[in-house]
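Scroll down for the structure; my scribbles are underneath it.
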Amino acid sequence: MAQKPKVAITWLGACGGCDMAVVDLDAGLLDVADRLDIVLWPVALDFKYKDVEALADCSLALAIISGCVRNDEHLEIARLLRQKAGLVLALGACACFGGTPGLANFSSRQAILDFVYRDSPTVENPEGTIPQEKSLVNGHTLTLPAFHEKVRALRQVIAVDYFLPGCPPPPQLISQAINAVLAGDLPPKGSALAPRRALCDVCPRNRKKPARLEITQIRQIHEVETDPDYCFLEEGILCMGPATRSGCGETCISNNMPCRGCFGPVAGVEDAGTKHLSALASILRTEQYFDLAQLVDTIPDPAGFFYRFTQPVSILGKAALKMHPLDKERP
Amino acid sequence: MENFNPRIVCFSCKFGWGYLDPHKDSLKGVTHWVPVACSGKIDAAHILEAFSKGADGVLVLVCPEGDCHLQDGNFKTEAKVFLLQRILPSWGLDSRRLRVIAAMNPDGEKIPALVRDLAAQIAHLGPARLFADSPAAGQEAEPAAVRGSFSASW
């Protein structure tokens, strides 16, 4: 019997939601485990990094990596798996675009450490202790991975073959992706293993969209009793659907929550935030030109809203990363 | 910063700005001028791209209200600029570095002066570097757009 293809599943700077999505394959997971040899999966199984280091280069059929890259451990594991795996799949919004952790790039490393360990109202830290890369405890040196200046998406530190966005990605797409790898039936490298069209194209609320959408007042979801069949934008609720890739299964939409954009931009778009911004700009309407500026002022945290999942891979996000070259950060 | 000369990228609508200038004399003094057919074509990404490639300020010249050759491209681009002005401070860029002017100047003779005017107004901010401008500075009560200061009859 031929040897089963080896697969590694790991998380970097992640919440574990993507791993839970893999677990959500449910009984399908047994089938996956039957056809694949899982060599690393820190969330679910007990393997050590040294077992992976001992493998021959390119001996893994696939490495499924979720989470962003924020510290030296993330970087090291990403590079190790790139070396050992024939294919690397970036799983989830954090690995694909930086995700919500990427919003930390609007602050500096120092500002984050200051707030978390000193200024936050719930912190009691009179000695001003902050984590150190090396500390001496009872004559032993303990180490922590270096905390980088900025969050990076996976493709900004290693070559990534395929992307599967989502926060988290739906189990059905994960299952399709694994089957596609096993069958060798894959699109060109660099593709996202998700539909190419925008969410509005498949949105069940689209049927009752007016011919000409106009937003005259921006409202939050909790301020409106929405009709489950009506387009959110028509009611003035900001929804990322026009500029977000479909494939998520419309779980938010069908639970009466507007799209937040976790599937990232549609195929061929570099900067998701500006596409959301342009889509919104085209449907804002005011009686007077002057009122337009006041209308946009009612959007809370515009930068966080437009770049909720894609800050590190956006135009200015990439420019900001260039100011902090990765190799200079490493000791 | 006395000798600092900000690099300004100017996007303008071809229908309203400079189309009567056969020799493009209005280009004189404007190093980075990008005329486009309808300001609605100016993408938010173009403006951010300009900043990421070293522009210190971006000037967007659109047609006045009701004068868009293609219905409402000027309105859409103004909305884009207003939204961009709200997100620039999060990137540590002063929102005064981005200006939109809704007027018309077929000869294009005013364009160099408008570029110089923006350059003069932001010179004290220094070169545009991400996360370098004070976040509060961009929130000052600077008019979001300049309009009505000159007529459409130029």
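Throughout, protein chains are lettered first and strands after them, A, B, ... in sequence-line order, and every chain is numbered starting at 1.
Both the backbone and the side chain of A:Q311 come within contact range of chain B, each with at least one heavy atom under 4.5 Å from a heavy atom of that chain. When heavy atoms are compared at a cutoff of 4.5 Å, A:K275 approaches chain B solely by way of its side chain, counted from C-beta outward. At a 4.5 Å heavy-atom cutoff, the contact between A:I299 and chain B is made by side-chain atoms alone. The parts of B:F75 that come within reach of chain A are both its backbone and its side chain, each placing non-hydrogen atoms under 4.5 angstrom from that chain. Within the 4.5 angstrom heavy-atom criterion, atoms from both the backbone and the side chain of B:L84 approach chain A.
Side-chain contact between A:R285 and B:D72 is present, with at least one heavy-atom pair separated by less than 4.5 Å. Looking at heavy atoms from C-beta onward, B:L83 lies in side-chain contact with A:F306 at the 4.5 angstrom threshold. With contacts defined as side-chain heavy-atom distances shorter than 4.5 Å, the pair B:W91/A:S314 qualifies.
Between B:L130 and A:A320, the shortest heavy-atom distance links the atoms CD1-N, 3.4 Å. Of all non-hydrogen atoms in B:S52 and A:A319, the two that sit nearest each other are CB-CB, 4.0 Å.
Enclosure of atom NZ in A:K318 by more than 12 non-hydrogen atoms of other residues, nucleotides or ligands within 6.0 angstrom is indicated. For CZ of B:R129, the number of neighbouring non-hydrogen atoms (other residues, nucleotides, ligands) closer than 6.0 Å is 12 at most. Other residues, nucleotides and ligands contribute more than 12 heavy atoms inside 6.0 Å of the CZ atom of B:F131.
In terms of heavy-atom pairs under 4.5 angstrom with chain B, the leader among A:L284, A:D271, A:L295 is A:L284. For the set A:S108, A:G304, A:G317, A:G273, the entry with the most heavy-atom pairs within less than 4.5 Å of chain B is A:G317.
Atom-to-atom distance recorded for A:S278:OG and B:K80:NZ is 5.0 Å, nearest 0.5 angstrom. Atom CG of A:D301 is separated from atom CZ of B:R86 by 13.5 Å, given to the nearest 0.5 angstrom. One distance of note links OG1 of A:T274 with CD1 of B:I87; it measures 8.0 Å at 0.5 Å rounding. Once rounded to the nearest 0.5 Å, the distance linking CG of A:L316 with CD1 of B:I47 reads 11.5 Å.
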